[in-house]
Amino acid sequence: MSAKNAGRALAYDPNFLHRRSVSPRTDDQYVRLAEGWDSGASGGLMLDTLVTTAAGALSATAGVLVGGIVTRRAQDRQWTRDQQLAAYQELFSHYAKFTMELRRAHGDRRGWDYDWGEWSAALIRVTLVAPTEVATEIDNFGRAINSFLNQVERGERTPLHDPLSPEEFEQARQAPAEAQVKLINVIRRSLGNDRKGLPFGIGG
């Protein structure tokens, strides 16, 4: 068959175009589409994994930060409470010491002395760490003690000159004793230990 006749045969072959449309190149296109789909699916899966991992890491970091803040606040509250208790203890210790010494001095008709600078420093320290309601009662307590000292030490009635009898001394001590009870009860309420309060004083 001549080249011309072969061309005509191909031109009139009804299956020629069909064979061209299902040629290997069309199969390659399907392969490429499938590969593109797999690549997109893999990329989406990787993105989901990255997002999930990042979210988990962010949640863990937030948890650590929140836990650290809560722990720090709890430590600060505990430190403040410890400082308050130490200051309260120091204040009442001074009060009990000089009151007892004054009572003995009047009973023995002798002189006595006390480091009032330490007492003033104790008042300042406790006022710095005490909450407002406690600081108010501390001020009232200090005023009552000042009035008490005017009666038993700074006025005409001193241990060496006209000492007080035990009954007179207790009468003079009544005001600071009552102020002490009020202060103790306010402190107990501020620490959350007692809402009813104590009906009596301690020490002094």
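FYI, side chains are in, hydrogens and waters are out, and symmetry mates aren't considered; it's all heavy atoms of this structure.
- Atoms CG and NE2, on Asp115 and His94 in that order, are 7.5 Å from each other to the nearest 0.5 Å.
- Using a 4.5 Å cut-off on side-chain heavy atoms (C-beta onward), Arg157 and Gln151 make no contact.
- Under the 4.5 Å side-chain contact rule for hydrophobic residues, Leu160 and Met100 do not share a cluster.
- For Asn185 (side chain) and Val181 (main-chain N/O), a donor-acceptor pair under 3.5 Å exists by modelled atom type.
- For Trp116 and Phe98, the gap between ring centers is short of 6.0 Å.
- Listed for the Gln174 side chain is no donor-acceptor partner under 3.5 Å among the backbone atoms of Gln171.
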**Message:** Pair Leu85, Leu191 - check side-chain contact (heavy atoms from CB on, under 4.5 Å), show working.
**Reply:** CA-CA 9 Å; Leu85 288 173; Leu191 297 175; 3.5 Å; yes
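- Residue pairs that meet the salt bridge (Lys or Arg N to Asp or Glu O under 4.0 Å) test with at least one member in residues 86-95, sequence neighbours left out, are Glu90-Arg125.
- Counting non-hydrogen atoms of neighbouring residues, nucleotides and ligands closer than 6.0 angstrom, the CZ atom of Arg154 exceeds 12 such neighbours.
- To the nearest 0.5 angstrom, Leu164 atom CG is 11.0 Å from Arg109 atom CZ.
- Residues Asn140 and Leu183 fail the side-chain proximity criterion, which asks for heavy atoms closer than 4.5 Å.
- Between Pro176 and Ala144 the shortest heavy-atom distance is CA-CB, 3.8 Å.
- The two residues Ala130 and Ala135 make their nearest non-hydrogen contact at CB-N, 4.1 Å.
- Annotation for Pro159 and Pro163: closest pair O-CB, 3.5 Å, computed over non-hydrogen atoms.
- Note on Leu128: it does not cluster hydrophobically with Val186, by side-chain heavy-atom contacts below 4.5 Å among ILVMFWY residues.
- At a threshold of 4.5 Å between non-hydrogen side-chain atoms, the residues Glu156 and Asp162 do not count as touching.
- Annotation: Phe169 is in aromatic contact with Phe148 [ring centroid separation under 6.0 Å].
- With a 4.5 Å cut-off on side-chain heavy atoms, Ile145 and Trp119 count as touching.
- Atom OG1 in Thr99 sits 8.0 Å away from atom CD in Gln180 (nearest 0.5 Å).
- A salt bridge is defined here as a Lys NZ or Arg NE, NH1 or NH2 lying under 4.0 Å from an Asp or Glu carboxylate O, and Arg189 with Glu133 fails to meet this definition.
- Counting heavy atoms from C-beta on, the side chains of Val152 and His106 come closer than 4.5 Å.
- Taking all atoms of both residues into account, the shortest heavy-atom contact from Arg110 to Glu101 is NH1-OE2, 3.0 Å.
- Remark: the backbone N or O of Val129 is paired with a side-chain donor or acceptor of Gln84 at under 3.5 angstrom.
- Note that CG of Leu149 and CG of Leu102 are 6.5 Å apart. Values are rounded to the nearest 0.5 Å.
- Considering only heavy atoms from C-beta on, Arg173 comes within 4.5 Å of Arg103 through its side chain.
- Between Ile184 and Phe92 the shortest heavy-atom distance is CG1-CZ, 3.6 Å.
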